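Computation of the quantities below employed the complete heavy-atom set of this structure, encompassing side-chain atoms and omitting hydrogens, waters and symmetry-equivalent molecules. These numbers were taken from a predicted model, which means no experiment stands behind them. All residue numbers refer to positions in the sequence shown, counting from 1.
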Amino acid sequence: MPESCCLHIQDSVTGPIRVLEIPWPLVRVGRTALCEVRLNDPDLPSEICRLQRRGSNWQLEPLVLDTIQIDGRNVNGICLIAYETPFRIGHYRLTLQPSRLAAPDWDSYRNQNADARSQDP
């Protein structure tokens, strides 16, 4: 069985980064208790997406259109997601990391948050 990885989750520009170990091959992301990764935001759908391990790769499957962004672009179909690639769900910033020991890349979060603010009307 492949080693577990982790998901870094930040819920605001200045908020702490929560680290969640991901030992499962399939992870549901959303606001309900049925999701392994819970995002506490009543404006988000009950299940937003799924992360699924395919060999040594991970797939991101959006279940609701126009709710997930990578590099400022909406993800509306299944795509491979590399480790250390940040993606946005609402105001949350998430990044898969290959190891629980991986230190958060604060500059990446700061840059992504600055980019998001510059795109807001």
Side-chain angles (χ1 to χ4, degrees):
M1 178 167 172
E3 290 183 23
S4 64
C5 67
C6 65
L7 189 63
H8 289 192
I9 304 165
Q10 186 179 30
D11 65 357
S12 69
V13 174
T14 59
I17 294 176
R18 176 173 51 131
V19 178
L20 177 66
E21 186 173 5
I22 308 289
W24 317 284
L26 176 69
V27 178
R28 296 168 292 189
V29 179
R31 66 174 167 77
T32 67
L34 297 175
C35 294
E36 290 80 14
V37 177
R38 290 190 64 193
L39 304 177
N40 191 18
D41 183 341
D43 294 332
L44 293 176
S46 56
E47 187 177 351
I48 300 161
C49 67
R50 294 180 181 170
L51 293 166
Q52 186 166 11
R53 186 188 301 268
R54 297 287 189 186
S56 62
N57 298 313
W58 282 89
Q59 286 183 340
L60 174 63
E61 178 185 3
L63 301 176
V64 180
L65 297 179
D66 299 326
T67 58
I68 302 170
Q69 290 186 339
I70 297 176
D71 292 330
R73 294 185 298 269
N74 287 336
V75 177
N76 289 320
I78 296 173
C79 66
L80 289 177
I81 186 156
Y83 288 119
E84 301 177 5
T85 301
F87 59 100
R88 288 181 57 195
I89 297 175
H91 62 271
Y92 289 90
R93 310 302 187 259
L94 302 96
T95 308
L96 275 171
Q97 296 290 338
S99 165
R100 186 160 178 66
L101 302 176
D105 181 358
W106 294 105
D107 289 333
S108 169
Y109 286 93
R110 283 187 200 105
N111 293 340
Q112 185 182 17
N113 290 328
D115 291 344
R117 283 192 304 270
S118 68
Q119 293 175 2
D120 290 339

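For Asn57, there are no side chain to side chain donor-acceptor pair (under 3.5 Å) partners at least two apart in sequence or on another chain. Legend: residues meeting side chain to side chain contact (heavy atoms under 4.5 Å, CB included) with Arg54, ordered by chain and number and at least two apart, are Gln52, Gln59. When the side chain to side chain donor-acceptor pair (under 3.5 Å) test is applied to Arg31, no partner is found at least two apart in sequence or on another chain.
Taking 4.5 Å as the limit, every side-chain heavy atom of Pro45 sits out of range of all side-chain heavy atoms of Leu63. Counting heavy atoms from C-beta on, the side chains of Phe87 and Ile81 come closer than 4.5 Å. Looking at heavy atoms from C-beta onward, Val37 lies in side-chain contact with Leu7 at the 4.5 angstrom threshold. For the pair Thr85 and Asp71, the minimum side-chain heavy-atom distance is 4.5 Å or more. Inter-residue side-chain proximity for Leu34 and Glu47 is flagged as unmet; no heavy-atom pair is nearer than 4.5 Å. You'll find the side chain of Ile48 reaches within 4.5 Å of the side chain of Leu39, heavy atoms only. Between Leu65 and Asn74, every side-chain heavy-atom pair lies at or beyond the 4.5 Å cut-off. Within the 4.5 Å cutoff, the side chain of Cys6 has heavy atoms near those of the Gln97 side chain.
Under a hydrophobic clustering in which Ile, Leu, Val, Met, Phe, Trp and Tyr are joined whenever their side-chain heavy atoms come within less than 4.5 Å, directly or via other members, Ile70 and Val27 fall into the same cluster. Clustering ILVMFWY residues whenever any of their side-chain heavy atoms sit less than 4.5 angstrom apart, transitively, puts Leu26 in a cluster other than the one holding Leu20.
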Worksheet entry | Pair Thr67-Leu44, side-chain contact (heavy atoms from CB on, under 4.5 Å): steps then yes or no | CA-CA 9 Å; Thr67 58; Leu44 293 176; over 6 Å; no
Fill in: CA sep, side-chain torsions, deciding dist, call: Asn76, Asp66, side-chain contact (heavy atoms from CB on, under 4.5 Å)
CA-CA 6 Å; Asn76 289 320; Asp66 299 326; 3.1 Å; yes
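Across all non-hydrogen atoms, the minimal contact from Gly77 to Pro62 is O-CD, 3.4 Å. Contact between His91 and Asp11 at its shortest, heavy atoms only, is CD2-O, 2.6 Å. Closest non-hydrogen pair, Glu84 versus Pro86, comes out as O-CD, 3.3 Å. For Cys5 against Trp58, the heavy-atom pair with the smallest separation is SG-CZ2, 3.6 Å. In terms of heavy atoms, Cys35 sits closest to Gly30 at SG-N, 3.5 Å. Here the closest heavy-atom approach between residue Ser12 and residue Gly15 is recorded as OG-N, 2.9 Å.
Under a 3.5 Å cut-off, the side chain of Tyr92 and the backbone N or O of Asn40 do form a donor-acceptor pair.
A salt bridge (Lys or Arg N to Asp or Glu O under 4.0 Å) check over residues 33-44, counting only residues at least two apart or in different chains, returns the pairs Arg28-Glu36.
To the nearest 0.5 Å, atoms CZ (Arg88) and CZ (Arg73) are separated by 13.5 Å.
With Ile9 as the fixed residue, the side chain to side chain contact (heavy atoms under 4.5 Å, CB included) test singles out one of Leu94, Val29, Thr95, Ile89: Leu94.
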